Student: 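Once you've had a glance at the structure underneath, I'll fire off some questions.
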Amino acid sequence: MPNFETEIKYLPGVGPKRAEILEKDLKIRTLEDLIYCFPFKYIDKTKFYKVSEITADSAHIQAKGIITKFKINNAGKKEFLTAEFSDETGSFELIWFKGVKWIKENIAAGKEYIIFGKPSFYNKKLNIAHPEIEEPSKIDPKTASSMESAYNTTETMKSKFLNSKAIRKLIQTAFNLIDSPISETLPNYLLEKYKLLGLKESLFNIHFPQDVNLLKRARYRLKFEELFYIQLNILKLKVNRKNTIKGFIFAKVADNFNNFYKNNLPFELTNAQKKVIKEIRADFSSGKQSNRLLQGDVGSGKTLVALMSMLIATDNDYQACMMAPTELLAIQHFRTITKMLENSNVKVELLTGSTKAKNRIELHEKLQNGYINILIGTHALIEDTVQFKNLGLVIIDEQHRFGVEQRAKMWKKNTNPPHVIVMTATPIPRTLAMTVYGDLDVSIIDELPPGRKSIQTIHSYDAKRLQMFKFLKDQIALGRQIYIVFPLIKESEKWDYKDLEDGLESISRAFPPPDYAISVVHGKMKSDEKEKAMQLFIKGVTNIMIATTVIEVGVDVPNASVMVIESAERFGLSQLHQLRGRVGRGADQSYCILMTSYKLSKDAQTRINTMVESNDGFKIADVDMKLRGYGDIEGTQQSGEAFELKIANLYKDGEILIHAKNVANDILDDDSFLEKEENSVLLRQLKKNSLRIKNWSVVS
Ligand code: ADP
Ligand code: MG
């Protein structure tokens with residue numbers, strides 16, 4: 001009785017060997033997996049090309065003609081077979097490297113065949129390798145469709161005759177054999193309300209479209225379902241969390257906050273900062289544990305929001321901590337915040353990997369007896385030995401550097417989980433944020449502090465280096481400071497500093513003392529050396545900072561007005577945007593100079609152009625997503641594993657996603673725990689999917 005659970009090896013035409021390949025290459029283990037292996041495109045099989053119309057640029061083509069002149073060739077040791085395919089307009093070559101025996105036994109010279117394949121140009125001749133071949137009489141007019149499904153396969157698969165056509169045949173066989181009904185995976189009321197095509201019909205039409213309209217409806221339904229269950233899963237966890245986990249209540253705003261606000265706040269808050277602080281305060285008094293994602297472009301003033309939130313925690317006798325992705329940044333936050341809290345009673349301490357064992361013991365004690373109010377640090381904060389007396393708020397800066405598991409650990413630092421604010425300057429496209437961070441509430445700082453001039457970005461070439469140096473000298477003469485950043489190449493465990501070293505040499509020659517002083521910072525330096533070099537630059541003792549990407553996040557030197565990025569083509573978009581964000585922090589006109597070689601790949605050219613044209617982090621994130629696909633967006637790499645989307649595309653299907661989210665919300669509003677009979681299918685599917693989809697929500 002074949003059904004969805006039947007193992008693929010029992011399907012006629014598969015057997016153990018091919019089953020192994022299918023499982024290894026496409027993760028197909030059961031008939032269900034096979035049927036859920038969706039085509040990546042459809043090919044018009046009603047159209048026949050004439051040989052004279054075909055070029056090496058043609059996509060897959062179908063042609064009718066005769067095959068003649070079979071010939072065995074030798075390339076080194078390897079034998080391959082060629083033949084000539086011709087119609088009344090001309091001829092080209094067919095080539096087989098594999099399956100030669102089968103071709104010789106089954107294909108007759110001089111007989112008419114239909115061939116199908118991708119033309120290419122080899123040895124100055126047009127040819128098609130491993131074409132699909134069919135006899136015209138055997139083509140079933142019923143399945144010859146203008147939308148024949150095509151499937152992704154691998155080289156290994158092709159060598160075992162598991163090409164696109166074979167997959168299609170297997171799916172056909174599976175459909176014919178499965179004798180238990182395919183049970184619907186969405187509740188009936190949803191199908192009716194949103195006029196969704198039934199599951200069985202959708203699955204059939206996605207593989208064998210009966211007409212354009214049915215294909216459209218099938219795709220829609222399957223995409224909707226896929227996105228809907230992801231949303232339902234995330235939102236259900238969020239609802240359950242809000243219903244079951246108590247949040248600390250920070251009821252009052254008292255001296256710590258008020259004194260800071262009245263006496264120490266160095267500037268007027270922007271409206272966006274005010275709005276976000278309001279949202280955070282609402283979280284704090286809601287009685288629910290909050291998880292908030294705070295997005296704000298580089299330089300939008302997130303640190304201040306973090307500080308003010310922490311002050312509210314301390315006003316309510318809770319401790320707060322703030323975690324930064326690099327030591328440099330943690331130290332910088334520590335300094336900024338200590339300075340902003342001058343003359344206040346708030347006790348702030350720093351904990352990083354370089355904190356000495358002796359100081360550490362003392363620090364642990366002061367955390368546990370409640371002496372320390374605010375702890376700032378790096379990953380070191382996560383260690384189990386770091387225990388608080390009463391941790392009420394965790395702030396995670398530049399979140400994309402932290403793994404999900406590390407975040408989860410912060411939850412366990414108090415009997416009830418503390419409030420969590422995750423800050424990021426890497427704008428996440430909305431659809432992605434909804435999916436990966438779907439259970440976080442989102443606040444956006446969409447405004448920069450006043451007086452900032454937008455950064456002017458210039459693309460320049462190695463050949464214009466002298467001109468660039470001249471420009472830097474002019475800027476330095478105006479009192480400005482300059483960053484020059486080199487890419488860091490990771491080769492196995494060794495860091496390659498050749499670029500930086502070479503660059504340093506030429507820059508040192510062009511910018512000699514006493515007029516110029518240079519600081520160097522890179523990842524291989526000891527942390528106190530780094531910190532020393534950084535301080536010289538912050539204090540303005542040095543006017544040039546040469547660095548690798550260690551300065552990428554967060555470093556704040558308002559007087560620095562030029563960011564030169566060497567080999568800019570080697571950086572990703574979000575990294576370029578982050579680096580550029582190091583300048584434009586003071587009132588002066590700032591510049592970002594992207595140095596590249598002359599020859600750029602198409603993607604690199606797009607990245608550079610985007611940087612030159614736009615300062616808008618969200619726009620840049622969008623382009624980034626388009627170029628790389630959502631799975632590669634920095635910080636969300638894991639999302640690729642978390643959601644193996646089979647048909648939906650987070651970039652293109654944003655509207656369906658939003659619809660799916662709203663539908664999921666409505667259902668949960670009405671039935672938070674999905675206890676109603678009509679929703680039993682939802683619960684069943686969630687359980688089934690959760691085996692596939694890793695659970696993100698509990699940890700963010
Ligand atoms: P980011 O959001 O990138 O972390 P920061 O918090 O480092 O930004 O702030 C960038 C700079 O802007 C800092 O020098 C900070 O002191 C300054 N800043 C923050 N808020 C304001 C404001 N409301 N008005 C003027 N400057 C501000
Ligand atoms: Mg910051």
Side-chain angles (χ1 to χ4, degrees), residues 260-262 264-278 280 292-311 322-342 376-378 395-402 421-428 442-455 480-481 483 534 537-540 549-561 563 574-588 590 592 615-618 620-621 634-635:
F260 171 76
Y261 195 79
K262 272 192 232 127
N264 287 26
L265 189 61
F267 23 62
E268 177 83 0
L269 293 177
T270 63
N271 285 329
Q273 283 170 320
K274 284 184 194 159
K275 178 194 74 187
V276 167
I277 290 172
K278 225 186 232 161
I280 291 171
R292 189 167 281 280
L293 177 70
L294 173 53
Q295 288 197 58
D297 216 338
V298 278
S300 59
K302 294 186 291 293
T303 317
L304 198 57
V305 172
L307 172 60
M308 294 174 75
S309 310
M310 292 196 287
L311 290 175
M322 179 164 172
M323 196 158 55
T326 65
E327 185 159 27
L328 216 59
L329 196 51
I331 293 170
Q332 186 188 282
H333 280 328
F334 175 69
R335 284 180 197 273
T336 317
I337 287 175
T338 328
K339 198 161 155 235
M340 287 209 198
L341 293 180
E342 253 168 17
I376 293 169
T378 54
I395 295 190
I396 300 175
D397 192 19
E398 307 298 352
Q399 150 286 327
H400 61 286
R401 294 296 184 87
F402 285 106
I421 298 174
V422 175
M423 305 200 294
T424 179
T426 309
I428 305 159
V442 180
S443 286
I444 298 179
I445 306 187
D446 51 6
E447 176 186 16
L448 292 178
R452 299 270 170 87
K453 297 209 176 76
S454 85
I455 304 162
R480 307 286 133 70
Q481 288 167 285
Y483 294 105
M534 208 55 224
F537 189 67
I538 291 171
K539 294 201 179 103
T549 42
V550 287
I551 63 151
E552 181 189 334
V553 283
V555 172
D556 184 29
V557 181
N559 189 50
S561 69
M563 166 63 67
S574 71
Q575 228 180 353
L576 290 173
H577 183 62
Q578 278 282 343
L579 284 169
R580 179 169 61 183
R582 298 309 106 216
V583 297
R585 301 188 150 230
D588 307 311
S590 292
C592 173
N615 268 304
D616 178 345
F618 282 91
I620 289 169
E634 195 164 347

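All values reported here derive from a predicted model rather than from experimental measurement. All ligand and atom numbering here is 1-based and tracks the order in the structure. All residue numbers refer to positions in the sequence shown, counting from 1.
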Student: If you measure every N/O of Gly301 against every N/O of ligand 1, is any gap under 3.5 Å?
Tutor: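 Looking only at distances, the answer is yes, because the N/O contact criterion of under 3.5 Å is met.
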
Student: With the threshold set at 4.0 Å, does a side-chain nitrogen-carboxylate oxygen contact exist between Glu447 and Lys275?
Tutor: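 No, Glu447 and Lys275 are not salt-bridged.
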
Student: For ligand 1, note which part of Leu269 has a heavy atom under 4.0 Å away: side chain, backbone, both or neither.
Tutor: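 The answer is the backbone of Leu269.
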
Student: State whether Arg480 and Asp588 are salt-bridged, where the test is any N-O pair (Lys NZ or Arg NE/NH1/NH2 against Asp/Glu carboxylate O) under 4.0 Å.
Tutor: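 Looking at Arg480 and Asp588, the cut-off is met.
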
Student: Would you call Leu311 and Tyr261 a side-chain contact if the rule is heavy atoms closer than 4.5 Å?
Tutor: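 No, side chains not in contact.
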
Student: May I ask you to check whether Pro558 has an N/O atom sitting below 3.5 Å from an N/O atom of ligand 1?
Tutor: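 Between Pro558 and ligand 1 (N or O atoms, distance only) the closest approach is not under 3.5 Å.
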
Student: Is any side-chain heavy atom of Val305 closer than 4.5 Å to one of Ile445?
Tutor: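 With C-beta onward as the side chain, the pair touches.
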
Student: Just which atoms of ligand 1 are under 4.0 Å from any heavy atom in Glu268?
Tutor: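 In order of numbering, the contacting atoms are 22 (C), 23 (N), 24 (N).
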
Student: Quick one: does Ser561's side chain have a donor or acceptor within less than 3.5 Å of a partner on Ser590's backbone?
Tutor: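 No; zero donor-acceptor contacts below 3.5 Å.
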
Student: Report the part of Gln273 (side chain from C-beta onward, or backbone N, CA, C, O) that has a heavy atom under 4.0 Å from ligand 1; answer both or neither where that applies.
Tutor: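 The answer is the side chain of Gln273.
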
Student: Using a strict 4.0 Å cut-off to heavy atoms of Thr270, name the atoms of ligand 1 that fall inside it.
Tutor: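 Taking each heavy atom of Thr270 in turn, ligand 1 has 23 (N) under 4.0 Å.
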
Student: Return the option from Gly299, Pro449, Ala306 holding the heavy atom at the smallest distance from atom 25 (C) of ligand 1.
Tutor: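 Among Gly299, Pro449, Ala306, the closest heavy atom to atom 25 (C) of ligand 1 belongs to Pro449.
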
Student: Show me which atoms of ligand 1 lie under 4.0 Å from any heavy atom of Thr303.
Tutor: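 Near Thr303, the atoms of ligand 1 are 4 (O), 5 (P), 6 (O), 7 (O).
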
Student: Are side-chain heavy atoms of Ile280 and Arg292 found at a separation under 4.5 Å?
Tutor: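 With C-beta onward as the side chain, the pair touches.
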
